[in-house]
Amino acid sequence: MAYVLLRHRDIPDLHKLDVYRAHGGYEGLKKALSMTPAEVIDLVKASNLRGRGGAGFPTGLKWSFIPKGAPETYVLINTDESETGTFKDRELMEGNPHQVIEGALIAAYAVNSHLVFNYIRGEYMDASYAFEEALRECRAAGIIGHNILGSDFSVEFYTHYGAGAYICGEETALIESLAGNLGQPWSKPPFPAIEGLYRKPTVVNNTETLANVPGILVNGPDWFKQMGTDDSPGMKIVCVSGHVEKPGNYEVPLGTTYRELIEVAGGMKDGKKFKAILPSGGSGPIIVEDALDAACSYDGLTAFRSVMGSASVIVMDETTDMVWAALKMIHFFRHESCGKCTPCREGTFWMERVLHRIYEGHGTEADIKLLESVADNMTGKCLCALGEFATSPVLSSIRHFLPEYKAKVAAGANGRAAQRTPAMATAD
Amino acid sequence: MSDKVTLTIDGIEVTVPKGTVVVDAAKTIGNDIPVFCYHPKMTPVGMCRMCLVEIGLPMIDRNTGQAMLNDDGSVKLNFGKALQTGCTVVVSEGMVVRTNTTLVQDAREDIVEFILTSHPLDCPICDKGGECPLQNLTMAYGRDHSRMVFEDKLRLDKHVPLGELIVLDRERCIQCARCTRFQAEIVDDPVIHFHQRGRHLQIVTFTEPGFDSYWSGNTTDICPVGALTTTDFRFKARPWELTPVAGICAQCPVGCNTTMSTRREAASGGRNVIKRIMPRQNEEVNEIWICDKGRFVYHHADAPDRLTQPLVRRDGELQPATWEEALDVVAGKLQLYHDSVAGLAGGRLSNEDYFIFQRLLRQGLGSGNIDLAEKRLAGGDVVAQVGLSRGSNLKNLGSGDAVLVVAADLHEEAPVWWLRVKQAAERGAAVVVLNARPTRLDKFARHTKHYEPGGALAAVRELLAFAQVDTGNSDPAALATSLMEANNLVIFYGAEGLTYEETSSLARMLANLLLLKQGGGDGAAAHAGRVNNGLIPVWKHANTQGAWDMGIHPAYGPGYAPVAEPGLDASAIFEAAADGQLRALYVAGADPIGDGLMDDRGNLALLVVQELFLTETAAAADVVLPAQSWAEREGTFTNGERRVQRYYPAIPPVGDARPDWQILAQLGERVGLSKPPFAAALAFKELAAAVPQYKEMDYRSLSRVEEQWPLIGRSDLYYGGTAYDNRWGLGRQWPAAAETGPVDSYELPAEVRSAPATPFGALNIMHIPALYTPGTLINRTELLKERMARPTLFLHEADATVLMVNDGEAVDLHLGSEAIPVEAVVSRDTPAGLGLLRGVSGAQLHGVFPATVTVRQADERVVV
């Protein structure tokens, strides 16, 4: 089956404009320009394309929230790909940048925006070279700028590089950061569709989401819905990493099972036994053996109290110390917490301290309870989703691997009995 | 549609204005939802999560648009998945809020626990301890033990100076962003912000000097913990030892209401001393803010060089004397010279002082030679006609209204007025600024006109002409139209670049603008006399308005009653003193020699000075009478909005100092007037009987309070910031003539004096104000030393080139025989052809005047 998103794997030099156009590039944009914006939105709605950044919000619906006749609106591409184990947008930007640009242009046309901003993760230099080169080609060819493709529709693109903050992938934090402010999310409402960048209606779409749009315009919603499941149509780039033979990006229809994903990635590394998966990087609960036949789709993991998220599948084999893995995750979230709201700022900090104590063998059984309690206290109280994300790998690892935690406590108790924890270094 | 919304909070139905947030709605029925980051004066952010409550909305059937009902007929409610922050959710019809469920109580306990994990709990040495929202909310909602292992706590710097005024304790900071939001949102000085993220989030300043803002002290009031403290109050006293006393700030004409926290302490010999000054809520004057000058300039009250006993010149030396001796000497000599006596007063005396001062001169000595020593701004008589009407509140100005500011720099002269005009602009009012140079208000102005130096009158005259005849599409026509079409019009005027006489004309022209009929028709009304309309003079001192009201003017008696035979005005008095025409001069609360208004005592036979300090004038006097500072006594000030406000004694008198009114009344008794009143309240009673505008006032009515919104300083855990509820009074405005009857327009002088032609090689100079300009009182607050405006001459690049002056160079400004040493600063904000002089007292620097500028030779350089 031919690639829909990672088409550069089939077609050499697809990042070049002439190659891209020779393979049907910008036909979707032409099609869109021949329609009314409302028709474009209806078409995308009909395809049931859902956001690929993790939340899965229907894209067409999101576009339709932009007030009609708003004098100034913006489209933001979210390429601040910072989720642990996610590297799909990078490959798209490096290999197939025009498809992202085309998708963004269609989005801009649909919501009557004349400015598109791409917020690119600062570390993605190679991706940005390719993207900037693609923008240059588009400007020269009249695809970006005044009266694109001879229409009366004009769009300009700006790129902005993030300075290394996970939270800036959250749409309101991204907007703040883009406007030059501290990268902290705000409490919604106002929603960006009503008051976003510079307090104007703003659409924020994930890079991969937009890469899906040109195909929908050219081939129609039914073509799109043939792929994937009813609730989760389309192809998805899944980032498989960890203990597999061939880690990497794999484009699969939504609904593919996690067992199949491991097989696609060459199976377990060195033939070791499977232990667990972090299905959405650090920000979703861990799943174990019983969920291997669950579908990788928006609702596929609901029964297993987890989520697909951005589909960064981190596979762990039997050798993995799950307390260590949980510590790694909470360290990441403590480091990335923006500090705006109390439960996340203090909770992630506290959880890391407790988990560190347990991991180092200084913990007690009461510490495990405390860890759960702190995580519970964060749940439902944070300003944005990050705080809740932070608790999920820890809570789920306790749920699935409590004996490992108890073993750490017991080992510590046998060795250095009742020693107080030395103060933890905070350098980072 | 109604502009009210009805909701239910814990079973109690409450109706509040649309747009109210849940926390405020609850507050109206006495339900204090705990908050840390929320502040009623700022946009909510929902960061601290302390105000989490259950919020349910009626479920609406999409097909019928009707509320869905339960089986029992009650409305079905959707409480959502999670708790919501009461500070960010705006009320809606039928909303149900639950604040006392287990879920909510647990959430509060959890949030307090989270905040305390990294809080040092050093309450015993914390300045906020005792009036700390965190302390109170911990007692109310916190757990009785900590689950955080002590060693796990983060250790952070506890003494981080954000400049020399404010200190940050990073451990205590709970990252609520009240301070950063106040600086950015309320006062537009975003000079502090968060640095880093997560638990490393910390407040940093990025200006030189640190925290460079006139408003920094307010952040310590609204800080819900002891993270921000002023270096003035830090480690000086515990809040529960302090007794609050109501004051009125004596630093500018705004008349900010303050609370002086006092304590009796051993370090001061068992005396009561002022430990700090905080704003006192008066939503019509200063809301809950004060500037740093008002907060920190009180140390002169306890300065070691205060005069403590009367001094009488004997054998050429000023020597201590008893009050009886001194008063007898003064009374005897005044009577001796009664046909040649004059009186000059400063701008900071109380109404009682002024009234008795003019009575001593007019009735006791039969002299009409009475005036303010320093005459910068005229127009008190005009303000009596068309001043800001009673019941006006700058907070009510918004869309459709206009504010005109002429020849004043509100940010430097009256910061709280700047703040309130800025906020009016943000609410949609059209702010129009006329000045010869850019000021900070320009940023918020809809129209800004920078006239030629000395061109203020011409600019206003043009405006007035276009306002009278609606013609043309020129800029001034549009400007005039926008003012005339405004629903409400408030006009501020100052004296920048104007002579005293010019300010008088300016006031009259602006009065005419206010008196023009809107729309021109017969039934049309003028702005003057209506609520939220009128003229506000930007006086230089706190009670210049009161001085006018009480008749400290050669041509007006109390209540603006014209005097049959006007006496000498200040400049005539100075002249007469110099050439010996005048025999005796009585100066109360002014330093004309120090201010350069008089060279010396001239040929006076008697100079009496009533003062706090041995000023240059006092040092030259025959008798010096020690007066009490405003902190030691009672009195009333009348602010620029003509609001008469009471202040109260906070500390005992220094030495034998007496209140000015008492000294003057005791002299009066000695020259044959009635016995002195026993108390300031009785002095005010005498005054109210003589001044018609004040006739309905007495000390009781001035100390009346009404409930103000937002509710501040009650049992509500200080959510507004200042620790004290205002129980001492809101003051009363007196009616301008236009409020009670028709007022005629003024006849304007035909010719407008233009700027003097500049002699070759000279530069036109204009004196501009700075909040921290050196002076008798402010100099005694050591704390502000580094912030004091240094003598500076701002030059345009082209002028600097012509004068061969470099940026930062030390130069001399030659005015007649005098040379003022200043630093030259080449500034983009300076108009070409005009030098702006700042940081010198400027009492004698009126209008626009030519001066030569020379570079000081290296060997002559002095540190300025």
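Each chain gets a letter, A, B and so on, in the order the sequences are listed, and its residues count up from 1. Hydrogens, waters and symmetry mates are skipped; everything else that's a heavy atom, side chains included, is used. A quick note: this is a predicted structure, and the numbers were derived from the prediction, not measured.
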Are more than 12 heavy atoms, taken from residues, nucleotides or ligands other than B/K81, located less than 6.0 Å from that residue's NZ atom? no
Residue part contacting chain A, namely of B/I111, when any heavy atom lies under 4.5 Å: both
Does any non-hydrogen side-chain atom of B/E113 lie less than 4.5 Å from one of A/W350? yes
Indicate yes or no: at least one non-hydrogen side-chain atom of A/Q184 is less than 4.5 angstrom from one of B/L201. yes
Compare all side-chain heavy atoms of B/R199 with those of A/T348 and state whether any distance is below 4.5 angstrom. no
Identify which part of A/E336 has an atom lying under 4.5 Å from any heavy atom of chain B, answering side chain, backbone, both or neither. both
Which bit of B/K153 comes within less than 4.5 Å of chain A, counting heavy atoms only: side chain, backbone, both or neither? backbone
With a 4.5 angstrom heavy-atom cut-off, which part of A/C382 approaches chain B: side chain, backbone, both or neither? backbone
If I take atom CZ from residue A/R353 and atom CD from residue B/E151, how far apart are they, to the nearest 0.5 angstrom? 10.5 Å
Looking at B/R49 and A/K381, would you say the former's side chain and the latter's main chain have a donor-acceptor pair under 3.5 Å? yes
Rounded at 0.5 Å granularity, tell me how far NZ in A/K340 sits from SG in B/C176. 12.0 Å
Can you tell me how far apart CG (A/D376) and CG (B/D110) are? Round to the nearest 0.5 Å. 9.0 Å
Find out whether A/E346 and B/H119 are in side-chain contact, i.e. whether some heavy atom of one side chain is under 4.5 Å from a heavy atom of the other. no
Specify the closest pair of heavy atoms between A/T342 and B/I115, including all atoms of both residues, with the distance to one decimal. CG2-CG1, 3.3 Å
Heavy-atom cut-off 4.5 Å, strictly under: side chain, backbone, both or neither for A/L182 against chain B? side chain
Does a side-chain heavy-atom distance below 4.5 Å link A/S373 with B/R147? yes
Below 4.5 Å, heavy-atom pairs only: which of A/G347, A/A366, A/S337, A/C344 has the largest tally toward chain B? A/S337
Tell me if the NZ atom of B/K41 is crowded by more than 12 foreign heavy atoms within 6.0 Å. yes
Decide if atom CZ of A/R199 counts as having more than 12 heavy atoms of other residues, nucleotides or ligands within a radius under 6.0 Å. no
Spacing of CE belonging to B/M47 relative to SG belonging to A/C341, to within rounding of 0.5 Å: 8.5 Å
Bottom line for B/H195: the part with an atom under 4.5 Å from chain A's heavy atoms is neither
Closest heavy-atom contact between B/A82 and A/G380? CB-O, 3.8 Å
Mind checking whether A/R357 and B/D152 have side chains closer than 4.5 Å, heavy atoms only? yes
With a 4.5 angstrom heavy-atom cut-off, is it the side chain or the backbone of A/A165 that approaches chain B, or both, or neither? both
By a 4.5 Å heavy-atom criterion (distance strictly below it), what part of B/S118 contacts chain A: side chain, backbone, both, or neither? both
Flag side-chain contact, heavy atom, 4.5 Å: B/L154 against A/F349: yes
When you compare the side chain of A/M378 with that of B/F114, does any pair of heavy atoms fall below 4.5 Å? yes
